[in-house]
2 protein chains.
Amino acid sequence: MPINPTDPRPAYQQIADDLRAQIDRGDLRPGDRLPSIRVLASLHDVAQMTIRQAITLLVNEGRVSTRQGRGAFVREPQPVRRIASSRYRTQLEYVQQAGKAPPAPGTAFTGDHQIAWHEYELEKSFSRVPAPPVVADLLEVPIGTPLLARRFVFYARSRPEQISTSYYPLSLVEGTPVADPNNEPWPGGNIAQLATLGVHVTEVQESVRARMPTPEERQILQIPRGIPVLTIRRRMLAQGRPVEAAVDIVIPADRVVLDYTIELSS
Amino acid sequence: MPINPTDPRPAYQQIADDLRAQIDRGDLRPGDRLPSIRVLASLHDVAQMTIRQAITLLVNEGRVSTRQGRGAFVREPQPVRRIASSRYRTQLEYVQQAGKAPPAPGTAFTGDHQIAWHEYELEKSFSRVPAPPVVADLLEVPIGTPLLARRFVFYARSRPEQISTSYYPLSLVEGTPVADPNNEPWPGGNIAQLATLGVHVTEVQESVRARMPTPEERQILQIPRGIPVLTIRRRMLAQGRPVEAAVDIVIPADRVVLDYTIELSS
DNA sequence: CAGTGGTCTAGACCACGCT
DNA sequence: GCGTGGTCTAGACCACTGT
């Protein structure tokens, strides 16, 4: 099984393509170990660095992951959570049912993950900052306007799943429960929380992008090589007035689907 | 500027982190050429392969791109197009204004790109296929049900921007304009087209994911290393009945933002 | 032609995981 | 201890770009 010298593709490409084909055909299944670098090197009669180059290619495609001392493995599909745009409507229940028996405590995050309240953890850090340009634009306030910044790292069953930083005009939330970290997590999430201030969110706008994570994001969210992140830039409006902006919500892309519904009134 | 042997990070990591910091600080700006591999190697007193490893890291983060014979360059931000969920409502104008003067011809795609009708090109290939499991599920038909499959590659100003394959129940569209490739592109897009059959789309559902592109997608869409793709799985419903499914729409993630609006009736 | 990145070799030693 | 991947060397030659 030596490589084909007449093939215009370089050796590492041929080998990577061969391995990828084996994965696609099912000869190598998710979780399977690839032949070791030394075995592949002698099999194709090339140097180990050439094999390494082939495997690096597959790692950066998100198809393979390597573990030192153990081997290279076909990546397994991750359990996916669906993030539905309707999650914001669910939060309304906490507002509208005031006075009645409340639903089980939850937030947009617990609903997305289908996890119980106690399996949900938060790292939080609140601060007061002058509005950066991007946030000022979203909130429709002058640059430098005093804002409350709330940074969260969300964990589901002790696994980091999401980073977000959200901003509120300080004039709206200073001295209220929104500005007190001890109130987080708040049953019903921030829409319910804002409602206690008499601020009723009527519209949520989300802008979705994807990119490779920064090294810092990779470390915090424990993202393997070859996996991008989805980013959501969000703002919440109350009667047309922006009251919250999130810049950005960052989620590893191998574990999530974003569901949106667009109604076309006929 | 030799590397620090007491630093626990490997040499290629130190060098990559150093280059990344220079980019983040603005010492290296988008479009700038990095020092050549040979220069960096002698500067840090390491082998060229070590420098190469550092640069490969940055390439796979989407921060740097290399061009043979020319050098390694800091990647420039791409002009972004916004894809708004409201684009589907715009298409309704072509339906509702029947009989009146129609708006300028366009589709969801031309609107997204802000390009003129004549700057828009299509590669199309239509076929009849039995419903694969995923599509059958979306269309709520038995697996194997005869479907029309329409595969498109969209070009804006001769640049490939998007791949999509959409499916319709053949019983719904056989013998209609929908099944005739010569009708594409259709002014107003497929919502307007379906309306001519008396099928009025009332709801569109989209599921957004991100992943690294396959080699085939990288080739067709000319995607540089380190850039993920956004995928949209879509279906259109007419009075609650699925009439179209797209599996999947694939878009390079460095050139696009997906905008969604969620209305919360208060 | 000189300078760039791309491919490749034939080793070496290290760090890690398992038995 | 042994097999795994990770890092690294000191070269070589190829392919491409621009002068």
Side-chain angles (χ1 to χ4, degrees), chain A residues 1-19 28 31-61 63-75 215 218-219 222 224-226, chain B residues 1-19 28 31-61 63-75 215 218 224-226:
Chain A
M1 191 62 107
I3 60 140
N4 179 358
T6 71
D7 194 315
R9 292 173 302 167
Y12 78 92
Q13 263 294 350
Q14 294 182 44
I15 295 164
D17 289 351
D18 179 49
L19 289 168
L28 287 169
D32 282 357
R33 216 199 73 192
L34 272 58
S36 80
I37 288 178
R38 286 155 182 86
V39 166
L40 286 170
S42 73
L43 191 68
H44 293 100
D45 195 25
V46 296
Q48 293 187 17
M49 280 295 288
T50 304
I51 300 298
R52 175 165 296 287
Q53 228 178 326
I55 289 179
T56 300
L57 214 58
L58 299 177
V59 167
N60 285 313
E61 286 174 9
R63 313 279 311 245
V64 161
S65 68
T66 58
R67 277 175 283 180
Q68 191 169 124
R70 299 200 42 196
F73 299 83
V74 181
R75 268 186 63 85
R218 289 197 54 225
Q219 186 252 313
Q222 297 179 33
R225 295 219 171 280
Chain B
M1 189 64 103
I3 60 139
N4 178 358
T6 71
D7 196 313
R9 292 173 302 167
Y12 79 92
Q13 263 294 350
Q14 293 182 44
I15 295 164
D17 289 351
D18 179 49
L19 289 169
L28 287 169
D32 281 358
R33 217 199 74 192
L34 271 58
S36 80
I37 288 178
R38 288 156 180 86
V39 166
L40 286 170
S42 74
L43 192 67
H44 294 100
D45 194 26
V46 296
Q48 293 187 17
M49 280 294 289
T50 303
I51 300 296
R52 174 164 296 287
Q53 228 177 324
I55 290 179
T56 300
L57 214 58
L58 298 176
V59 166
N60 285 312
E61 286 174 12
R63 313 278 314 240
V64 161
S65 68
T66 58
R67 279 175 281 181
Q68 192 170 128
R70 300 201 38 195
F73 299 84
V74 180
R75 269 186 61 84
R218 289 197 54 224
R225 294 219 170 279

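Just so we're on the same page: letters track the sequence lines, and every chain starts at 1. Since this is a predicted model, take the numbers as computed values, not measurements.
- Taking every nucleotide of DNA chain D with any atom under 4.0 Å from a non-hydrogen atom of chain B, the first and last of them, 5' to 3', are D:dT7 to D:dG18.
- Between B:Arg33 and B:Arg70 the shortest side-chain heavy-atom distance does not fall below 4.5 Å.
- Taking all atoms of both residues into account, the shortest heavy-atom contact from B:Val59 to B:Thr66 is CG2-CG2, 4.0 Å.
- The end-to-end axis angle of the helix from C:dC1-D:dG18 to C:dC18-D:dG1, rounded to 10 degrees and based on five pairs per end, is 10°.
- In this structure, B:Met49 places its CE atom 14 Å from P of C:dG5, rounding to the nearest Å.
- For the pair B:Leu19 CG and C:dG5 C1', the interatomic distance rounds to 15 Å; values are reported in whole Å.
- The two residues A:Pro215 and B:Glu61 make their nearest non-hydrogen contact at CG-OE2, 4.0 Å.
- Nearest-nucleotide assignment on DNA chain C puts the 5′-proximal partner with B:Arg70, out of B:Arg70 and A:Ala11.
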Side chains of residues 47-55 of chain B: which donor-acceptor partners sit under 3.5 Å, not counting sequence neighbours?
none

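- Side-chain contact between B:Arg225 and A:Asn60 is absent, with no heavy atoms from C-beta onward closer than 4.5 Å.
- Between A:Val64 and A:Arg75, the closest heavy-atom pair is C-CG, 3.8 Å.
- Looking at heavy-atom distances under 4.0 Å, A:Arg67 makes contact with sugar-phosphate atoms alone, never a base.
- Regarding A:Ile37, its CD1 atom lies at a distance of 14 Å from the C1' atom of C:dA15, rounded to whole Å.
- Distance CG/A:Leu40 to CG/A:Leu43: 6.5 Å, rounded to 0.5 Å.
- Closest-nucleotide positions on DNA chain D for A:Arg52 and B:Arg38 were compared, and the one nearer the 5' end corresponds to A:Arg52.
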- Item | Worked check of side-chain contact (heavy atoms from CB on, under 4.5 Å) between B:Val46 and B:Ile15 | CA-CA 10 Å; B:Val46 296; B:Ile15 295 164; 4.1 Å; yes
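- Of the two residues contacting DNA chain C, namely B:Gly71 and A:Thr50, the nearest-nucleotide position lying further toward the 5' end is that of B:Gly71.
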Derivation and outcome, side-chain contact (heavy atoms from CB on, under 4.5 Å), residues A:Leu57 and A:Gln13 = CA-CA 8 Å; A:Leu57 214 58; A:Gln13 263 294 350; 3.7 Å; yes
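- Among the heavy atoms of the strands, none lies under 4.0 Å from A:Gln48.
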